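Here's the structure we're looking at; comments come further down.
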Protein chains: 4
Amino acid sequence: MKNNKPKYNQIIEAAVQVIAENGYHASQVSKIAKKAGVADGTIYLYFKNKEDVLISVFTEKMGQFINRITESIEKKGNASDKLLALIDMHFRQLSEDRYLAIVTQLELRQSKAELRLQINKVLHPYLKVIDQVIEEGMQEGVFPRDLNVRLVRQMVFGTLDEVVTNWVMKDQKYNLVAQAPDVHALLTKGLSVS
Amino acid sequence: MKNNKPKYNQIIEAAVQVIAENGYHASQVSKIAKKAGVADGTIYLYFKNKEDVLISVFTEKMGQFINRITESIEKKGNASDKLLALIDMHFRQLSEDRYLAIVTQLELRQSKAELRLQINKVLHPYLKVIDQVIEEGMQEGVFPRDLNVRLVRQMVFGTLDEVVTNWVMKDQKYNLVAQAPDVHALLTKGLSVS
Amino acid sequence: MKNNKPKYNQIIEAAVQVIAENGYHASQVSKIAKKAGVADGTIYLYFKNKEDVLISVFTEKMGQFINRITESIEKKGNASDKLLALIDMHFRQLSEDRYLAIVTQLELRQSKAELRLQINKVLHPYLKVIDQVIEEGMQEGVFPRDLNVRLVRQMVFGTLDEVVTNWVMKDQKYNLVAQAPDVHALLTKGLSVS
Amino acid sequence: MKNNKPKYNQIIEAAVQVIAENGYHASQVSKIAKKAGVADGTIYLYFKNKEDVLISVFTEKMGQFINRITESIEKKGNASDKLLALIDMHFRQLSEDRYLAIVTQLELRQSKAELRLQINKVLHPYLKVIDQVIEEGMQEGVFPRDLNVRLVRQMVFGTLDEVVTNWVMKDQKYNLVAQAPDVHALLTKGLSVS
DNA sequence: GATGAATGAGCATTCATTCAT
DNA sequence: CATGAATGAATGCTCATTCAT
């Protein structure tokens with residue numbers, strides 16, 4: 001655990017706040033250090049460089065994010081319910097941490113290509129969770145058996161991501177979690193007339 | 001016509017290439033000027049500043065992009081066919097211009113908040129086109145009449161965007177256009193078992 | 001005469017105005033050309049370069065300036081009266097042309113050392129006029145015969161220059177010409193108790 | 001004391017030299033840094049920007065300048081002697097620091113309006129010292145009681161400034177300090193015949 | 001003579017990272 | 001472990017001048 005290293009966590013938390021408040025490009029190392037209550041140099045005792053701080057921010061937060069979603073869906077009986085739970089928890093967690101929402105949906109995307117590649121690696125386990133739900137649904141017969149899992153996953157993740165980004169850009173003015181059932185309905189039924 | 005202003009177009013085209021090849025942050029004005037075959041200062045005869053070049057790149061390209069999609073869908077008889085045509089042309093155009101695909105899916109997203117706001121404005125007409133197709137489908141009875149248009153549009157655009165981004169990140173190794181019918185099927189039928 | 005070359009004068013007059021209104025550093029060649037109603041390149045048909053425009057501005061204006069002072073003092077009977085007339089005309093001319101005052105007292109001094117050297121050459125005839133008045137006064141016995149002419153001239157010119165500069169920097173709020181008799185009295189009597 | 005901040009003084013001294021040697025406009029920050037033996041960025045640890053360096057140069061030097069003059073004149077018994085001491089010290093200090101003389105008389109005057117405004121503020125205390133000497137002389141009866149203090153001060157300062165500037169432009173070839181008694185005699189007696 | 005589109009040299013400032021203490 | 005003073009590379013933009021028309 002990183003609890004032994006309180007400064008590590010202080011820096012991570014400071015980074016999220018500083019980025020959310022100042023934007024990615026105005027988030028200097030010195031600003032993060034100040035908010036964390038440590039010297040600039042101290043950051044380099046815990047992280048290789050600035051990029052490493054950002055990746056670690058995403059890794060730490062995404063770890064929790066995925067864990068909660070996994071917990072949430074494993075109680076559910078079928079793939080459709082799991083998908084709803086996944087959407088609900090996805091929206092819920094970003095709703096509950098406005099800083100995190102801003103950082104993941106807007107600021108971290110401004111980073112250069114290399115960094116975003118590494119961020120995608122961190123995202124990978126989440127995409128696997130989505131894949132599992134889809135595959136489970138196919139096996140259960142809840143979803144069609146001939147789905148292209150990759151495409152479905154891209155539809156699911158792309159939709160959730162777009163919905164959240166729009167919500168963040170509208171200054172988080174409306175209730176995101178309340179949209180979960182509609183989004184779930186849309187994804188499962190598509191545009192087909194019942 | 002912009003044929004009267006050949007340098008304007010030279011600079012736009014150079015910018016797309018330079019950004020695609022070097023990445024957003026390594027695309028210095030001097031590099032764009034060199035590729036365009038003009039002096040650095042010449043860029044400032046046609047554009048207010050570097051940001052203006054980038055916005056213009058996006059505006060010019062997106063204008064053509066939307067026009068072709070609009071042309072393509074207006075021949076179609078019903079909303080479902082129009083949606084398919086839209087997806088097909090969306091994929092087709094980005095397939096045919098690998099530089100443009102890289103720039104729109106990866107590089108331009110690294111720009112700072114203000115610039116991205118303006119990019120969103122340019123994107124807006126495209127979102128309106130999607131909305132129209134959805135609304136038309138609802139009126140025709142091809143799509144359910146009780147759809148939340150905003151959510152559907154976010155699903156459609158989010159899905160297309162995610163599919164294209166994944167394709168770009170996989171170095172455009174597979175045939176993107178060939179995915180259009182499957183994506184269309186997915187969006188219209190969702191995950192429902194026939 | 002330069003009357004044959006109306007554009008020459010247009011450019012000179014435009015330069016004075018542009019410098020007075022925008023300050024020395026914000027007075028681009030293009031701005032002067034626009035105000036003069038000519039193309040940028042036209043300026044280079046009449047002047048070697050930008051510096052040449054500035055020197056010519058000063059030369060033209062200083063020529064008139066000296067001529068009027070010379071005319072004014074030659075009517076006077078003795079050196080002391082001539083000195084008073086010189087001071088009066090010095091103040092009067094700068095009072096009557098606020099643009100010229102700003103340009104000579106403030107803006108033209110921001111030019112680089114080389115240019116200022118040439119400006120000093122243009123100023124030289126005026127200093128000679130002052131010298132003549134002093135020497136005349138010494139011969140007449142109106143002024144002491146053992147004066148160091150150079151020092152006296154520096155006192156006279158330095159005083160006038162400082163008085164005018166202070167007046168310009170106080171936004172020309174008070175009557176400069178009205179100070180002439182007091183300045184004359186001061187220079188002639190000094191700080192001696194009568 | 002500024003001895004705790006050796007770099008601050010190194011930069012100030014380097015700036016004076018670089019400006020005197022290269023002229024105001026050719027005095028890049030990098031050149032000053034190099035002469036001071038520090039990195040470019042170090043300058044920004046001690047000064048807000050380049051202008052701040054220049055103002056600080058003038059402030060530091062003018063502070064010393066005024067202090068020495070104040071010390072020098074307070075020992076003197078009457079206003080006339082004080083004026084002589086002021087002139088002597090004014091000339092003496094600029095004679096002893098050829099770099100400072102060039103910078104104050106020529107280079108710093110090329111700065112733009114805003115900077116010159118701040119330079120004038122720094123000069124203000126010196127003008128007040130001159131005013132005090134004049135007022136003291138009027139009270140003592142050494143100078144006429146009906147003097148216009150402002151005008152006298154402008155005569156005194158204008159004369160000293162002009163004398164020093166001429167000396168600097170003549171490449172400091174003659175003995176400036178030796179002129180002090182003559183200048184004093186001129187200012188006190190004026191052009192009156194004894 | 002007149003035009004004005006094109007040129008390209010030149011520079012203050014920021015900030016991630018290091019390392020002596 | 002922790003500090004924070006010092007480093008130095010990196011770049012968008014302006015504008016005097018030219019020259020083909």
Side-chain angles (χ1 to χ4, degrees), chain A residues 5-8 11 25-34 36-54, chain B residues 4-8 10-11 25-34 36-54, chain C residues 4-8 11 25-34 36-54, chain D residues 5-8 10-11 25-34 36-54:
Chain A
K5 297 187 171 181
K7 300 217 167 159
Y8 177 93
I11 294 166
H25 286 108
S27 295
Q28 300 89 337
V29 170
S30 61
K31 215 177 256 177
I32 295 172
K34 195 173 182 183
V38 301
D40 293 15
T42 303
I43 288 187
Y44 292 85
L45 297 175
Y46 294 92
F47 302 90
K48 216 174 75 214
N49 51 31
K50 186 184 177 181
E51 245 179 37
D52 191 29
V53 176
L54 300 174
Chain B
N4 323 347
K5 294 188 172 182
K7 302 234 157 129
Y8 178 93
Q10 281 171 41
I11 293 165
H25 286 106
S27 295
Q28 300 89 335
V29 170
S30 60
K31 215 176 257 177
I32 295 172
K34 196 173 182 183
V38 300
D40 292 18
T42 303
I43 289 187
Y44 293 87
L45 295 177
Y46 295 92
F47 303 91
K48 222 173 69 218
N49 49 33
K50 186 183 177 183
E51 221 171 62
D52 190 29
V53 176
L54 302 173
Chain C
N4 324 347
K5 298 186 173 181
K7 300 218 167 157
Y8 177 92
I11 294 166
H25 285 108
S27 295
Q28 298 89 339
V29 170
S30 62
K31 214 176 257 177
I32 295 171
K34 195 172 181 184
V38 301
D40 293 16
T42 303
I43 288 186
Y44 292 86
L45 297 174
Y46 293 92
F47 301 92
K48 217 175 72 213
N49 51 31
K50 186 184 178 182
E51 246 181 34
D52 190 29
V53 175
L54 301 173
Chain D
K5 295 188 172 184
K7 303 235 158 130
Y8 178 91
Q10 281 170 40
I11 294 165
H25 286 106
S27 295
Q28 300 89 336
V29 170
S30 61
K31 214 175 259 178
I32 295 171
K34 195 172 182 183
V38 301
D40 292 16
T42 304
I43 288 187
Y44 293 85
L45 295 176
Y46 294 92
F47 302 91
K48 219 173 70 216
N49 49 32
K50 186 183 176 182
E51 221 171 61
D52 191 30
V53 176
L54 301 173

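All figures in this text were calculated on a predicted structure; none of them were measured in a lab.
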Inset, instruction - Calculate the interatomic distance between C/Ile43 atom CD1 and E/dG4 atom P; express it in whole Å. - result: 13 Å
Inset, instruction - May I ask you to say what C/Tyr46 touches in the nucleic acid, namely base, sugar-phosphate or nothing, with a heavy-atom cut-off under 4.0 Å? - result: sugar-phosphate
Inset, instruction - For B/Ser30 and B/Asp40, work out which heavy atoms get closest and say how close. - result: CB-OD2, 3.4 Å
Legend entry - Separation of atom CG in C/Leu45 from atom P in E/dG1, rounded to whole Å: 6 Å
Inset, instruction - Mark yes or no for whether D/Lys31, through its side chain, and D/Ala26, through its backbone, hold a donor-acceptor pair below 3.5 Å. - result: yes
Legend entry - Range on DNA chain F touched by chain D - first to last nucleotide, heavy-atom distance under 4.0 Å: F/dA6 to F/dG8
Legend entry - Options E/dT7, E/dA12, E/dA9, nucleotide nearest the side-chain atoms of B/Thr42: E/dT7
Inset, instruction - Examine E/dA2: is either OP1 or OP2 under 4.0 Å from a nitrogen or oxygen in the side chain of C/Lys7? Give yes or no. - result: yes
Legend entry - NZ-CD distance between D/Lys34 and D/Gln28, expressed to the nearest 0.5 angstrom: 11.5 Å
Inset, instruction - Kindly compute the distance separating CD (D/Gln10) from CD1 (D/Ile43), expressed to the nearest 0.5 Å. - result: 10.5 Å
Legend entry - Given C/Thr42, C/Leu54, C/Asp52, the one that forms side-chain contact (heavy atoms from CB on, under 4.5 Å) with C/Phe47: C/Asp52
Legend entry - Nearest-nucleotide comparison on DNA chain E, the residue closer to the 5′ end among B/Asp40 and D/Gly41: B/Asp40
Inset, instruction - Give, ordered by number, those residues of residues 26-33 of chain A having at least one heavy-atom distance below 4.0 Å to an atom of DNA chain E; if nothing qualifies, reply none. - result: A/Gln28, A/Val29
Legend entry - Paired and unpaired positions of DNA chain F as dot-bracket, Watson-Crick or G-U wobble under 3.5 Å, | denoting a partner strand: .||||||||||||||||||||
Legend entry - Rounded interatomic separation in angstrom, taking NE2 from D/His25 and P from E/dC11: 11 Å
Inset, instruction - Would you mind telling me which residue lines up with the more 5' stretch of DNA chain F, B/Lys50 or C/Glu51, judged by nearest nucleotide? - result: B/Lys50
